[in-house]
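Below, all heavy atoms of this structure are taken into account, side chains as well, without hydrogens, waters or symmetry copies. This one's a predicted model, so the numbers in the text were calculated from it and none came from an experiment.
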Amino acid sequence: PGAGMKLAACSVDFNVGFFSDRQSGFEGISHFLEHMVFMGSEKFPGENHFSDWLSKNWGSENACTDSEQTTYYFECHPRHLAEGLD
């Protein structure tokens, strides 16, 4: 984005992190799922569709799995926020 340009952002936090992995019986599943969320969906099946869309709309995404929570975040041009939430 240009200097001084404002971006719109969205963050979603789940109260589940890698401490929950042991209870599920799948060590590392929280971190694995963190990466899979951005890889596509039924509605948008193309691999990296969301990342490509963000690049075209001055945006970026990130995620973090901590001990007790997992957070997903993205930002984009304000005109495209509603589309990004889809």
Side-chain angles (χ1 to χ4, degrees):
M5 181 179 166
K6 295 182 181 180
L7 295 174
C10 177
S11 177
V12 178
D13 185 75
F14 294 91
N15 195 26
V16 175
F18 62 79
F19 281 175
S20 299
D21 290 357
R22 186 166 294 151
Q23 295 170 358
S24 73
F26 297 99
E27 294 287 332
I29 192 74
S30 298
H31 190 226
F32 173 75
L33 292 174
E34 170 196 321
H35 288 275
M36 294 305 294
V37 165
F38 293 123
M39 295 301 288
S41 66
E42 186 174 330
K43 187 172 183 177
F44 302 104
E47 184 177 336
N48 296 322
H49 173 86
F50 191 53
S51 295
D52 294 342
W53 179 86
L54 285 169
S55 293
K56 293 174 188 170
N57 291 288
W58 300 343
S60 64
E61 88 275 356
N62 207 343
C64 175
T65 300
D66 203 346
S67 58
E68 297 180 350
Q69 63 188 33
T70 301
T71 304
Y72 299 91
Y73 167 88
F74 79 91
E75 61 185 8
C76 65
H77 189 285
R79 269 184 269 168
H80 302 288
L81 180 63
E83 186 180 355
L85 292 170
D86 191 26

Tightest non-hydrogen contact, residues S30 and D21, listed as OG-OD1, 2.5 Å
Interatomic distance, Y72 atom OH to S11 atom OG [nearest 0.5 angstrom]: 11.0 Å
Under 4.5 Å between side-chain heavy atoms, hopping through other hydrophobics if needed: is there a path connecting L85 to F14? yes
Describe, in one word, how the ring planes of F38 and F50 are oriented to each other, choosing from parallel (under 30°), tilted (30 to 60°) and perpendicular (over 60°). parallel
Spell out, yes or no, whether F44 and M36 are grouped together once hydrophobic residues are joined by side-chain heavy atoms under 4.5 Å, including indirect joins. no
F74 and V12, any side-chain heavy atoms less than 4.5 Å apart: no
List the atom of G17, the atom of T70, and the distance in Å for their closest heavy-atom pair. CA-OG1, 4.1 Å
How long is the straight-line distance from CG of N48 back to CD of E61, given to the nearest 0.5 Å? 8.0 Å
Looking only at heavy atoms, what is the nearest atom pair of P78 and K6, with distance? CD-O, 3.4 Å
Closest non-hydrogen atom pair, M39 against E47: CE-OE2, 3.1 Å
Closest non-hydrogen contact found for F18 with T65 is N-CG2, 4.0 Å
Around atom CZ of F32, are there more than 12 heavy atoms of other residues, nucleotides or ligands at under 6.0 Å? no
Rounded distance [0.5 Å steps], NE2 in H49 versus CG in L54: 9.5 Å
Validation row: H80, W58 side chains within 4.5 angstrom (heavy atoms): no
OG1 on T71 to CG on N15, rounded to 0.5 Å: 10.0 Å
Please report the closest heavy-atom contact between L7 and H77, naming both atoms and the distance. CD2-N, 4.0 Å
